[in-house]
Amino acid sequence: MTVNIQFPDGAVRTYEQGISPMAIAKSISEGLAKKVIASSINGEIKDASTPINADAALKLLTWDDTDGRSTFWHSSAHLLAEAVEATFPGVKFWVGPAIDKGFYYDMDLGDRKITEEDLAALEKKMDELAKKNSIFLRKEISKADAIAYFTEKGDEYKLDLLQNLPDGEITFYTQGDFTDLCRGPHIPHTGLIKAIKLTTVAGAYWKGDEKNKQLTRVYGVTFPNQKELDEHLQMLEEAKKRDHRKLGKELGIFCFDDDVGPGLPLWMPNGTIVIEELEKLAKETEHAAGYKRVVTPHIAKESMYLTSGHLPYYQDSMYPPMELEGVKYYLKAMNCPHHHKIFSAENRSYKELPLRLAEYGTCYRYEQSGELFGLMRVRCLHMNDAHIYCAKEDFAKEFKAVNDMYIKYFKIFGIDKYVMRLSLHDPAKLGQKYINEPELWLQTEEMVRQVLIESNIPYVEVPDEGAFYGPKIDVQIWSAIGREFTLATNQVDFAQGRRFNLSFTNKENQAETPLIIHRAPLGTHERFIGFLLEHYAGKFPTWLAPVQVKLLPISDKFNDYALSVVQQLQKVGVRAELDDRSEKIGKKIRDTELMKVPYMFVIGEKEVNENKVSVRRQGKGDMGQFAVSEIIATLTSEIENRQ
RNA sequence: GCCGUUGUAGCUCAGUGGUAGAGCACUUCCUUGGUAAGGAAGAGGUCGUGAGUUCAAUUCUCAUCAACGGCUCCA
């Protein structure tokens, strides 16, 4: 009996029935066989030793395939578990999956702790075990036998896993002295794991529920050779250099102070310039799109948040109330209720709609202490907020216009690595996490989906991520160190209009409740600037740069001329500064380069005599001499075009 | 909030049971130099905070605050 095997390039070859992908690899070349980690058989990832009994499409997976890597890392997690069990007998294991970059294993060590020193010892042990070239042995086992095995071992976590597995589909994998409940697949043998780094030890709640016991999680990453590990570590170092917390300090953008409080950033002069440029952009854009600006107080009475329905959902993340004369006031954690009150302050006609109220609103959210993260997660935030009140028939158009605004902004900033996430409700949580309006949920979710499809925007749908008042589109981005954040959000709200008794008079002279769109394309200043710092690696484009031009006289003799150029620049609104220190030009250039100032004008005798400046661009070097009027024209046009 | 790690000058970091150092930054002086670090001198810290052990604590112990790595949560 033979089987026909089709390869990814379309070629078909015939083999003996029962042949394994590894044997096929060997038939092609020994070199290939050495690199094979696993296989994809008809799209399913399987061990390279899996016998193939029928015609199939086969892909041999190596380190270069994403699936190959995750198999490699999953096997590495087993190797880690083997080392841990050898070091800490009696340890119980939960799960050990591959992740984006590496793997982890969750375990219960009882009263023992794993320290940083232990990690080094475990690395060594793993290395030792890997060198034994232990085969990953797959074994099908009955549920009863599996339960018996882990009952004897006393591992209640694996027994918990077993509960939900159907009999007949249960497999064990054994390498060396370690056996684990696992569906696989795995790499052929441990010897492929040549470079090991255990990165960190952390706590993680069992099943991700904070009410459960906290297990010990060890993170690690492995590679088929030392060189790739070194490169990986190098890359992590590079990522740290563009961490917005580091850049923010170096460039004088923001700081924190213990007396002010955690999560309460102080914006320094350079950061404030970036804030003001962003606000200018937002105001221009929103004005052109028919938005009206409003200003609202930072606090409000408890009654408003009861009306809005925020309090029961949100209380934990609001600062506790201030009580005066028997009335409780809360710092606002969102701007919507205030804006709704502006809507309802006057009788509204359909002729006024859509009404778009915009504000860079200051909000306070009492985020849990462990969640604070530089500018990305703070307790005082400035939101590029607006609420659009519209009739149902205008909704799609308005929602699309908002989306288009997002795209326009992202183009200005050159943001292209993001994912649009359509966040939906979970029917099981209606009435708890979500307003109990099943019909409206489905309707509005479909409207939003249609907008995305019609705009041809790639997106992913995620259930159970919606706001309590409606579905939303979140723009997801990743920080330099790989953490995921929502940069911007565009939300539908079919609940608050009714709660606030908002209404407008429609064409039929009847009161109608508007739909509300909550949108924040530039998110918050905090997160957006945190993101931009990393996105640009601190090298802001000229229009955003806190200092746009630095004048660098070669000697004190030219300070007067340089100052006159500074004044000319300032006159046309260019942010220019003079470096009049008695330092050599090399030193001045170095310092200015490090501050990532986009333009440097070097001024010496030649320039003074000819009314010129020598232009140097940050990171690019000397651009030659330009007449002052000429370079000013170039600069102002660049700034005007937000380049 | 939970688990773990860390906390010494503005920044980056050494160091010690007998009250502290380096480099950069800062101030002054010398230098006036053409595209990524010129030289010298000076100033700057109750070693995160509070308690305990000790003849003596920055160092050991405990508590607390903050930051960092995760978990949970979220714009």
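Bear in mind the structure is a predicted one, so any value in this text is a computation, not a measurement. Note on naming: letters A, B, ... go to the chains in the order of the sequence lines (proteins, then strands), and numbering restarts at 1 for each one.
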Checklist entry - Does A:Tyr314 place a side-chain N or O at less than 4.0 Å from the phosphate oxygens OP1/OP2 of B:rC74? => result no

Checklist outcome for this item: On a heavy-atom basis, the closest approach of A:Asp100 and A:Trp73 is O-CZ3, 3.5 Å

Checklist entry - Any donor-acceptor pair under 3.5 Å between the side chain of A:Ser614 and the base of B:rG34? => result yes

Item to check | B:rA37 base / A:Glu593 side chain donor-acceptor hit below 3.5 Å | outcome: no

Checklist entry - B:rC71, B:rG69, B:rA75: which one has an atom nearest the side-chain heavy atoms of A:Phe373? => result B:rG69

Checklist entry - The side chain of A:Arg527 lies closest to which of these nucleotides: B:rA37, B:rC74, B:rC3? => result B:rC74

Checklist entry - Which whole number of Å gives the distance between the P atom of B:rG1 and that of B:rA41? => result 50 Å

Checklist entry - What does A:Gly604 touch in the nucleic acid at a heavy-atom separation under 4.0 angstrom: a base, only the sugar-phosphate, or nothing? => result base

Item to check | Shortest side-chain distance from A:Ile585, nucleotide among B:rU35, B:rG69, B:rU31 | outcome: B:rU35

Next on the checklist: Taking pairing as Watson-Crick or G-U wobble with both contacts under 3.5 Å, can you name the mate of B:rG69, or confirm there isn't one?
Outcome noted: B:rC3

Checklist entry - Counting any heavy atom closer than 4.0 Å, what does A:Ala202 reach on the DNA or RNA strands: base, sugar-phosphate only, or nothing? => result base

Checklist entry - Distance between the P atoms of B:rG10 and B:rU6, in whole angstroms? => result 23 Å

Next on the checklist: Suppose we call a contact any N or O donor and acceptor under 3.5 Å apart; does that hold for the side chain of A:Gln214 and the base of B:rC2?
Outcome noted: yes

Next on the checklist: Let's go through A:Arg617 and A:Tyr599 carefully: what are the C-alpha distance in whole Å and the side-chain angles of both, what is the deciding distance for side-chain hydrogen bond (donor to acceptor under 3.5 Å, both in side chains) to 0.1 Å, and is it a yes or a no?
Outcome noted: CA-CA 5 Å; A:Arg617 295 291 320 258; A:Tyr599 280 90; 3.2 Å; yes

Item to check | For B:rU61, the Watson-Crick or wobble partner whose two distances fall under 3.5 Å | outcome: B:rA51

Next on the checklist: Just to be sure I understand the rule, does A:Val378 reach a base, reach only the sugar-phosphate, or reach nothing, if contact means heavy atoms closer than 4.0 Å?
Outcome noted: base

Checklist entry - Would you say the side chain of A:Glu607 and the base of B:rG34 hold a donor-acceptor pair, judged only by whether the two atoms sit under 3.5 Å apart? => result yes

Item to check | Per A:Lys587 side chain, nearest of listed nucleotides B:rU12, B:rA37, B:rA67 | outcome: B:rA37

Next on the checklist: Less than 4.0 angstrom from a charged side-chain N to a carboxylate O is my criterion; do A:Asp579 and A:Lys550 meet it?
Outcome noted: no

Checklist entry - What is the distance from CG of A:Asp579 to P of B:rC26, rounded to the nearest Å? => result 10 Å

Item to check | Below 4.0 Å: OP1/OP2 of B:rG69 and any side-chain N or O of A:Arg245 | outcome: yes

Item to check | Side-chain N or O of A:Lys472 closer than 4.0 Å to phosphate OP1/OP2 of B:rA75 | outcome: yes

Checklist entry - What distance separates A:Met334 CE from A:His310 NE2, expressed to the nearest 0.5 Å? => result 4.0 Å

Next on the checklist: Rounded to whole Å, how long is the line connecting atom CZ of A:Phe103 with atom P of B:rG70?
Outcome noted: 16 Å

Checklist entry - Nearest nucleotide by nearest heavy atom, which residue falls closer to the 5' end of RNA chain B, A:Arg590 or A:Gly523? => result A:Arg590

Next on the checklist: As a test of reading the structure: which of B:rU72, B:rU32, B:rA67 is closest to the side chain of A:Pro262, going by heavy atoms?
Outcome noted: B:rA67

Checklist entry - Taking atom P in both B:rC65 and B:rU27, what distance in whole Å separates the two? => result 38 Å

Checklist entry - Contact class for A:Glu526 (heavy atom, under 4.0 Å): base, sugar-phosphate, or nothing? => result nothing

Next on the checklist: Should the side chain of A:Tyr366 and the base of B:rG1 be counted as holding a donor-acceptor pair, with the cut-off at 3.5 Å?
Outcome noted: no

Next on the checklist: Assuming nearest nucleotide by heavy-atom distance, tell me which of A:Phe558 and A:Thr524 is located more 5' along RNA chain B.
Outcome noted: A:Phe558

Item to check | Whole-Å P distance, B:rA67 and B:rG18 | outcome: 32 Å

Checklist entry - Do you see a donor-acceptor pair shorter than 3.5 Å between the side chains of A:Asp580 and A:Asn559? => result no

Checklist entry - Which of the following nucleotides, B:rC73, B:rA75, B:rG34, is nearest to the side chain of A:Lys606? => result B:rG34

Item to check | Check against ring pair (Phe, Tyr, Trp, His ring centres under 6.0 Å), A:Trp206 and A:Tyr157 | outcome: CA-CA 9 Å; A:Trp206 184 43; A:Tyr157 301 102; 5.5 Å; yes

Checklist entry - Say you pick atom C1' in B:rA63 and the same atom in B:rC13; how far apart are they, in whole Å? => result 28 Å

Item to check | salt bridge (Lys or Arg N to Asp or Glu O under 4.0 Å) evaluation trace for A:Asp591 with A:Arg581 | outcome: CA-CA 12 Å; A:Asp591 290 347; A:Arg581 296 175 301 167; 2.9 Å; yes

Checklist entry - Which part of the nucleic acid, if any, lies within contact of A:Thr200, taking any heavy atom under 4.0 Å across all strands shown: a base, the sugar-phosphate backbone alone, or nothing? => result sugar-phosphate

Item to check | Value in whole Å for how far the C1' atom of B:rA75 lies from CZ of A:Arg421 | outcome: 11 Å

Checklist entry - Counting only distance, no hydrogens or angles, is the base of B:rC73 paired donor-acceptor with the side chain of A:Arg365 under 3.5 Å? => result no

Checklist entry - Under the ring pair (Phe, Tyr, Trp, His ring centres under 6.0 Å) criterion, do A:His425 and A:Phe468 qualify, and how do the steps go? => result CA-CA 8 Å; A:His425 77 299; A:Phe468 76 85; over 10 Å; no

Checklist entry - Between B:rC60 and B:rU28, how far is it from one C1' atom to the other, in whole Å? => result 44 Å

Next on the checklist: If I pick the C1' atom on B:rA66 and the same atom on B:rU32, what distance separates them, to the nearest angstrom?
Outcome noted: 47 Å

Checklist entry - Is there a donor N/O on one and an acceptor N/O on the other, under 3.5 Å, for the side chain of A:Arg519 and the base of B:rA75? => result no

Next on the checklist: Students often get this wrong, so: under 4.0 angstrom with heavy atoms, is A:Arg616 touching a base, only sugar-phosphate, or nothing?
Outcome noted: base

Checklist entry - Which part of the nucleic acid, if any, lies within contact of A:Tyr219, taking any heavy atom under 4.0 Å across all strands shown: a base, the sugar-phosphate backbone alone, or nothing? => result sugar-phosphate

Checklist entry - Which part of the nucleic acid does A:Thr216 contact within heavy-atom distance under 4.0 Å: base, sugar-phosphate only, or nothing? => result nothing

Next on the checklist: Expressed as a whole number of angstroms, how long is the span from A:Lys584:NZ to B:rG38:C1'?
Outcome noted: 5 Å

Next on the checklist: Say we look at B:rA36 and B:rG50: how far apart would their P atoms be, to the nearest angstrom?
Outcome noted: 48 Å

Checklist entry - Looking across every strand, which nucleic acid part, if any, lies under 4.0 Å from A:Asp556 by heavy atom: base, sugar-phosphate, or nothing? => result base

Item to check | Closest to side chain of A:Glu210, choosing from B:rU72, B:rU35, B:rA75 | outcome: B:rU72

Checklist outcome for this item: Quick note, A:Lys249 side chain, CB onward, closest among B:rU12, B:rG34, B:rA75 is B:rU12

Next on the checklist: Starting the side chain at C-beta, find the nucleotide from B:rG34, B:rC73, B:rC2 nearest to A:Ile554.
Outcome noted: B:rG34

Item to check | Nearest listed nucleotide, side chain of A:Leu372, among B:rA36, B:rA66, B:rA67 | outcome: B:rA67

Next on the checklist: Categorize A:Glu250 for me: base, sugar-phosphate, or nothing, with a 4.0 angstrom heavy-atom threshold over every strand shown.
Outcome noted: nothing

Item to check | side chain to side chain contact (heavy atoms under 4.5 Å, CB included) between A:Thr362 and A:Leu381, worked out | outcome: CA-CA 6 Å; A:Thr362 308; A:Leu381 41 104; over 6 Å; no

